[in-house]
Amino acid sequence: MALETDKQDPSGKKGVGGFLQRHDSFYGDAEKVSSAQHHGSQDIWIRTLRLAFQCIGVIYGDIGTSPLYVYASTFPSGISNVDDLYGVLSLILYSIILLPMIKYVFIVLYANDNGDGGTFALYSLISRYAKVSLIPNQQAEDAMVSSYCLDTVSAPMRRAQLMKKSLENSKVAKVAIFLLTILGTSMVISDGALTPAISVLSAVSGLQEKAPQLKQGQIVLISVFILVVLFSVQRFGTDRVGYSFAPIILLWFLCIGGIGFYNLIKYDVGVLRAFYPKYIVDYFKRNGKEAWISLGGILLCFTGTEAMFADLGHFNVRAVQISFSFTLFPAVSLAYIGQAAFLRKHPEHVLDTFYRSIPGPLFWPTFIIAVAAAIIASQAMISGAFSIIQQSQTLGCFPRVKVLHTSKSYEGQVYIPEVNFVLGLLCVIITLAFRTTTNIGNAYGICVTSVMIITTILLVIVMLLVWRVSIWLIIPFCLVFGIIEFVYLSSVLYKFKEGGYLPIVIATFLVIMMGVWHYVHVKKYWYELEHLVTNEAMRQLIQTHDVKRISGVGFLYTELVQGISPIFPHLIEKIPFVHSVLMFVSIKHLPIPHVEVSERFLFRNVESKTSRMFRCVARYGYSDTLEDAKEFAASLIEGLQSYIEEGHFITDMQIQETESQTASTGDGNARPRKAGSSTVYIEEVLTTSETTGLTQPRISSYSAHSSGRISEEQTRTIAEEKEFIQRELQKGVVYILGETEIKAGPNSSFVKKVVVNYMYSFLRKNFRQGEKAFAIPRQQVLKVGMVYEI
């Protein structure tokens, strides 16, 4: 809570009895910054270097193993002119420099959402600055959370304000941004199934160099066995996987870099002229359409780039920049340069360039490291898939699945058993069905380029709305990267029938599933909002049904953050009894990765102060972990007792001051609640037309100069209330959940009936239910059945 009594002030002096002291997350953050300046900088750098080492093993396996198959995919029919190698090598080098390095490592990574990356992180960042979310659960208090990080209004913000207004007033724009987001998410998940297949299969194929009697079917079976083992160890988490894989990938980079340098010196130092971009023009002049088609193979040199952004929650920007610039880029560049030098002398070996270019004595050590590196390559997209699904689930865009946090040190490291199983199964099926890296590569490229284009579009919105970059910088960014990515996409779409259809099929299925889930989720929220119960209706309801109070504490879960859910009157009509202490609990995920525990709860009284009915909005970031039921109940009751203590001695003058401050910093349409709504924040009811400005409201606080002392009578009343709540808590807690059946209204269209009555119903029945998602013991659950016609 932001206001506490008898706490130490920053100077170390204990507050005088009864006076309110300022104590919120801003104080804690300032304390951390102060400490870091004196003795924490060295620890930060040590942690960054440790993360830089760890991320080598998690996010660079994919892009680092591309030398296994890039030249083979670029020249599937052989090399007709050895001078083409200059153009292809030049394309590879400049593609890596422009897309993974300049665009992602030094631009896109800075568009992280308080440390989290990925498509949904961009979406949530945009949602903070403009109300593009389709669920109307925004509250003015959300912007008071310390990590919300909204900038103050300034003159250069006019364009940002115009952009914000355009997005908020256009439903088409909101839906388009949402569809782009879930399409990008779907492509990343598809990539998580394709990466292991192509990486492992290409590495294991090297066995045929020393054992030519092995048939392709046997290579495929060996690859499948390795993939099954890989997905089986995912449950140990990326923390352990990263530390065990990082030395192997580092050894791999040293190996391919050293072999590349050896081949460069031995075969043809002249390939270094490929740094002159004129050879790209010559390559296209000489080959025309064939050169354009070959881009589908060249783009495999930067596969896995999106993993750097999606996995940012596991690491940090500086760690990725250090490891990319000083480890990955030099190693893979030397590998491609060395292979080009080898092919200048031996163009007939283009289909197995990597293994043919290895010096004889180093073949088996390199093969073992290559297989290990190929196994690790899949880790990048698997980890990215886990992270992005967790984000989408908390924002109501993915059905409930079990999310396990695998590291006590780094909260962003997660494991999702159901997703791991599906990805592993898809990967095995793809390997058995496609059998060769060429066909898988055709599918692979569509995922890579599609996600890059979506990231570019969302990043432009971030530049306009959040960063407020000059339009003269945004235009060249769009032209350079947009043209490059669309040219690459056009090339891979040419091979649609040769495997390119696969990621589109998978992504279409995922987009439909996520779209259906979110559509009904939004409709359900609007239904409850339209049928909410006001305080006056609550009083009439309790009087009409002569509601009795029973011992214990009741937590009634609802998604509404305004008013009372229609589930409650339905419950009273059937059972006219409520618990002695009743709490309407709303679990709300803000468009930020984390919410400080001290800022988690918003409280207010429902009906009257003596009713012992309260509303609590529990706010989490999309990367925060939900506590189990017992721990959550203890934290909530502790917060409630603090609320009761504060609520009894804030004077009317202070309440009016808080309301005036909130009204002046919020929107003109905001309507503050009256006394008793919250002693920390004044909870507001938002209308559908109001918009949140780009300013950050001030957090109201009361110092010793503006607050009065607590009278003995108030102290006694507070103690009695807290004792009563604690006594009822010991008698037991019951969790009341709405078992709502969603149906399309009788006048709904045929498509809507199919979506709601069949597709959504199927998803809801086959994914985790509410009590499992909240880890509530079954013996403490009370479900209230109700039908919603939307």
Side-chain angles (χ1 to χ4, degrees), residues 57-58 60-73 76 189-234 241 244-245 248-249 252 255-256 297 300 303-304 307 351-356 358 363-383 385 419-445 447-448 498-500 502-503 506:
V58 175
Y60 295 141
D62 189 6
I63 191 172
T65 54
S66 295
L68 286 168
Y69 46 77
V70 167
Y71 281 110
S73 300
I189 298 171
S190 302
D191 214 349
L194 292 168
T195 299
I198 191 172
S199 299
V200 174
L201 190 58
S202 61
V204 175
S205 297
L207 280 174
Q208 292 178 318
E209 294 296 320
K210 297 296 183 180
Q213 69 275 15
L214 284 176
K215 297 180 180 179
Q216 186 62 26
Q218 294 171 308
I219 296 294
V220 169
L221 291 177
I222 295 172
S223 302
V224 167
F225 172 77
I226 293 174
L227 291 170
V228 170
V229 173
L230 172 66
F231 280 95
S232 299
V233 301
Q234 290 300 311
V241 169
S244 60
F245 283 176
I248 300 173
I249 291 295
W252 165 254
C255 184
I256 63 174
L300 296 178
T303 57
L351 296 181
D352 51 358
T353 307
F354 180 80
Y355 286 108
R356 289 282 188 173
I358 299 173
F363 178 86
W364 285 113
T366 304
F367 171 77
I368 294 171
I369 298 172
V371 172
I375 293 171
I376 297 167
S378 61
Q379 186 63 50
M381 296 315 301
I382 294 172
S383 299
V419 175
N420 186 65
F421 175 78
V422 173
L423 284 180
L425 182 61
L426 277 174
C427 190
V428 169
I429 292 173
I430 290 169
T431 306
L432 292 172
F434 283 74
R435 300 175 66 85
T436 66
T437 56
T438 302
N439 290 332
I440 298 175
N442 295 334
Y444 204 11
C447 289
V448 175
E498 302 171 22
L502 181 63
I506 297 175

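Because the structure is a prediction, the values reported are computed rather than measured. Nothing fancy with the numbering, it's 1 onward along the sequence.
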Go through I506 and I189 one step at a time and tell me if the side-chain contact (heavy atoms from CB on, under 4.5 Å) criterion holds. CA-CA 9 Å; I506 297 175; I189 298 171; 5.7 Å; no
If the test is side chain to side chain contact (heavy atoms under 4.5 Å, CB included), which one of D62, L502, T437 qualifies with Y444? D62
Name all residues meeting the ring pair (Phe, Tyr, Trp, His ring centres under 6.0 Å) criterion together with F363; count only those two or more places apart in sequence or in a different chain, and write none if there are none. Y355
Looking at every heavy atom in both P196 and G192, which two are closest together, and how far apart are they? CD-O, 3.1 Å
If you round to the nearest 0.5 Å, how far is CG of L194 from CG of L423? 10.0 Å
Side-chain donor-acceptor distances from residues 216-233 under 3.5 Å, at least two apart:
from: Q216; atom 1: NE2; to: R435; atom 2: O; distance (Å): 2.8
from: Q218; atom 1: OE1; to: K215; atom 2: N; distance (Å): 2.9
from: S223; atom 1: OG; to: I219; atom 2: O; distance (Å): 2.9
from: S232; atom 1: OG; to: V228; atom 2: O; distance (Å): 2.7

Considering non-hydrogen atoms only, spot the tightest contact between T65 and A374 and give its length. CG2-N, 4.0 Å
Spacing of OH belonging to Y69 relative to OG1 belonging to T436, to within rounding of 0.5 Å: 13.5 Å
Which atom names give the shortest non-hydrogen contact between L68 and A370, and what distance separates them? CD2-CB, 4.4 Å
For this output row, return yes or no: ring centroids of W252 and F367 closer than 6.0 angstrom. no
Look at the side chain of N442 and the backbone N and O of E498, then say whether any donor-acceptor pair between them is shorter than 3.5 Å. yes
Taking the side chain as every heavy atom from C-beta outward, state whether L300 and T303 have any pair of such atoms under 4.5 Å apart. yes
Is a side-chain donor-acceptor pair under 3.5 Å present for Y71 with D352? no
C255 and T366: which non-hydrogen atoms are nearest, and at how many Å? SG-OG1, 3.6 Å
Show which side-chain atoms of residues 197-204 pair as donor or acceptor with protein atoms under 3.5 Å away, not counting sequence neighbours.
from: S199; atom 1: OG; to: T195; atom 2: O; distance (Å): 2.9
from: S202; atom 1: OG; to: I198; atom 2: O; distance (Å): 2.9
from: S202; atom 1: OG; to: S199; atom 2: O; distance (Å): 2.8

What residues form a salt bridge (Lys or Arg N to Asp or Glu O under 4.0 Å) with E209, not counting sequence neighbours? R356
For a quick test of reading the model, state the closest non-hydrogen atom pair linking L426 to A193 and the distance between them. CB-CB, 3.9 Å
Output all residues satisfying side-chain hydrogen bond (donor to acceptor under 3.5 Å, both in side chains) with S190, sequence neighbours left out; order by chain, then residue number. none
